[in-house]
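Note that the structure is a prediction, hence the values are computed from the model and not measured. Within every chain, numbering begins at 1; the chains are lettered A, B, ... in the order of the sequence lines, protein sequences first and strands thereafter.
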There are 2 protein chains.
Amino acid sequence: MTATNRPRAANGLLTEDEPGSAAQRDRRKRILDATIALASKGGFEAVQMRAVAEKADVALGTLYRYFPSKIHLLVTGLARELERGLERLDRATIPGETPYDRVLQVLGRVTRAMQRDPHLTEAMTRAFMFADASAAAEVDAVGRLMDRMFAYAMHDEPTEEDMAIARVIADVWLSNLVAWVTRRATANDVAERLELTVRLLLRKDSRT
Amino acid sequence: MTATNRPRAANGLLTEDEPGSAAQRDRRKRILDATIALASKGGFEAVQMRAVAEKADVALGTLYRYFPSKIHLLVTGLARELERGLERLDRATIPGETPYDRVLQVLGRVTRAMQRDPHLTEAMTRAFMFADASAAAEVDAVGRLMDRMFAYAMHDEPTEEDMAIARVIADVWLSNLVAWVTRRATANDVAERLELTVRLLLRKDSRT
DNA sequence: AGCTACTATAGAACGTGTTTCAGTTTTCGA
DNA sequence: TCGAAAACTGAAACACGTTCTATAGTAGCT
């Protein structure tokens, strides 16, 4: 009968005006915290819906009312973490004289973050890549966050070309993330390939 | 007790010396054919192990003896299709004066192939991206096939730099495949982004 | 305070990937 | 040709994502 049976609008990714009552915002936070904790401990397969519900102290049905699938749950968690990371990036100026240097800086930072919590990285990467069309909004939000991250590393006001380059870098980054997660590439391989990619893309550009 | 209970060695991806008896090779082929057919008709979710087994006329247990998971099954199927496509590419010379032109040719071709069978594309892309470490060998084989495809489009004997560029293109291609599959990007978006990427990477290179 | 609509809960139930098992058939070396 | 080892079969069982149901709580309106 009801048009929507979700306690929050589908956008649900921007930090802005969180909808719902305080209790609902709290439940939502508990759910995402539980998700991250479980993912961090045991990766994608450890994020079991029953376990998340129990850890967040909500019923299984409630969990599904907040997040329609495990994929939505994990991708939303990824978006939250990325937003936090991006805020931290915004506050501190990225060191480096050239776009090339600054992009490498940022890449180094995210690569270290990835290594710091392999299970979490695995869970989120696989959820992101496995998502189907029903999670397109969430996935897209994450994609834009990544593009933005690299674009801002180049210039405060990225041009069209900056955005195009940032997107390519994000694509390569994702691909390498997947390779690292499946153990087809070491962290060193990833670092090398990223550096090579950035060199190919930014070889002559050196504006500040 | 037995060390290996698989009818074929784990490599299983190169066309070379298919192992096993004729009956085994035939079963294997029937299984992959059934997989492709189901994927083509209904995508990832339609590739149900029981359905594959029935369509291939083998017992469920036998299916699992040949392919240890749905992911292995689909990624192996993808590898087979890619090999076939690559053979076709090898036989016909790719038109185009410059590496830039030829890479765009190849990209246009695979993009059309992707559009021709959306369900199959969806099934294989998602399997490829969702794979975990246990399918690393299969996934890696597919990755190398894609790199090779783009590298050969540039030069018959790709240099190190050609290979690096090819890898970046393959990464961007994959990323766009995922975006297309989740309906975050149209085929046109994909074509545009690929062209832009290739332009960024090959802007001054024009050797034949 | 009482009514109504919405939200949360506990738990059963269902679907599909995966595993297991007992029994049969096939393969292959002696 | 015989017998053991390996492969195949059919069916049951299990795990986890997802859905459903019956009941209980809760918030807002009058």
Side-chain angles (χ1 to χ4, degrees), chain A residues 1-9 19-31 34-35 38-39 42-77 123 126-127 130-132 134-135, chain B residues 1-9 19-31 34-35 38-39 42-77 123 126-127 130-132 134-135:
Chain A
M1 203 67 74
T2 58
T4 167
N5 59 350
R6 303 271 146 56
R8 359 171 286 95
S21 69
Q24 283 175 336
R25 256 175 290 122
D26 192 56
R27 264 190 216 100
R28 181 181 160 80
K29 176 174 186 314
R30 288 205 312 274
I31 290 172
T35 302
L38 287 168
F44 186 86
E45 68 158 24
V47 181
Q48 302 190 353
M49 300 306 268
R50 291 176 237 271
V52 172
E54 186 174 2
K55 185 152 201 151
D57 203 35
V58 298
L60 188 55
T62 305
L63 172 53
Y64 273 96
R65 176 186 290 273
Y66 280 71
F67 299 96
S69 79
K70 175 168 172 174
I71 296 297
H72 286 78
L73 179 56
L74 277 164
V75 175
T76 305
R126 289 181 65 205
F130 187 58
D132 68 0
S134 79
Chain B
M1 205 68 72
T2 59
T4 167
N5 58 351
R6 300 273 147 58
R8 356 170 291 98
S21 68
Q24 283 174 336
R25 257 175 288 124
D26 191 56
R27 263 190 216 100
R28 182 181 159 79
K29 176 174 186 314
R30 288 204 312 273
I31 290 172
T35 302
L38 287 168
F44 186 86
E45 70 161 21
V47 181
Q48 301 191 353
M49 299 306 267
R50 290 169 178 83
V52 172
E54 186 174 3
K55 186 154 198 149
D57 204 35
V58 298
L60 189 56
T62 305
L63 173 52
Y64 273 95
R65 175 186 289 273
Y66 280 71
F67 299 96
S69 79
K70 175 170 173 173
I71 297 297
H72 286 78
L73 179 55
L74 276 164
V75 176
T76 305
R126 290 181 64 204
F130 188 58
D132 68 359
S134 79

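The separation between B:Ile71 atom CD1 and C:dG17 atom C1' is 10 Å, rounded to whole Å. Atom C1' of nucleotide D:dC8 and atom CZ of B:Phe67 are separated by 16 Å, given to the nearest angstrom. Residue B:Phe130 contributes atom CZ, which lies 12 Å from atom P of C:dG17 at whole-angstrom precision.
The side-chain contact (heavy atoms from CB on, under 4.5 Å) search around B:Ala22 returns B:Arg25, not counting sequence neighbours. Shown here are the side-chain contact (heavy atoms from CB on, under 4.5 Å) partners of A:Ala131, two or more places apart in sequence or in another chain: A:Ile71, A:Ala135, A:Val139. Residues passing the side-chain hydrogen bond (donor to acceptor under 3.5 Å, both in side chains) test with B:Ser21: none are found, sequence neighbours excluded. Every residue two or more places apart in sequence or in another chain that forms a side-chain contact (heavy atoms from CB on, under 4.5 Å) with B:Ala123 is listed here: B:Ala39, B:Phe44, B:Leu74. Listed by chain and number, the residues in a side-chain hydrogen bond (donor to acceptor under 3.5 Å, both in side chains) with B:Thr62 amount to none (sequence neighbours excluded).
B:His72 places none of its side-chain heavy atoms less than 4.5 Å from the side chain of B:Tyr66.
Here A:Tyr66 reaches the OP1 or OP2 of C:dA8: one of its side-chain N or O atoms lies under 4.0 Å away.
For A:Tyr64, taking side-chain heavy atoms from C-beta onward, the closest of the listed nucleotides D:dT19, C:dT19, C:dA8 is D:dT19.
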For nucleotides 22-27 of chain D, list the nitrogen or oxygen atoms of the protein found under 3.5 Å from its nitrogen or oxygen atoms, one pair per line.
none

Quick test: give all pairs of protein nitrogen or oxygen and nucleotides 9-16 of chain C nitrogen or oxygen below 3.5 Å, distance rounded to 0.1 Å.
unit_1	atom_1	unit_2	atom_2	d
C:dT9	OP2	A:Ala59	N	2.9
C:dT9	OP2	A:Thr62	OG1	2.6
C:dT16	OP1	B:Gln48	NE2	3.0

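When all heavy atoms are compared, the tightest approach of A:Lys70 to A:Glu45 is NZ-CA, 4.3 Å.
Across all strands, B:Ser21 comes closer than 4.0 Å to no nucleic acid atom at all (heavy-atom distances).
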Would you be so kind as to tabulate the donor-acceptor pairs closer than 3.5 Å made by side chains of residues 49-58 of chain B, with sequence neighbours excluded?
none

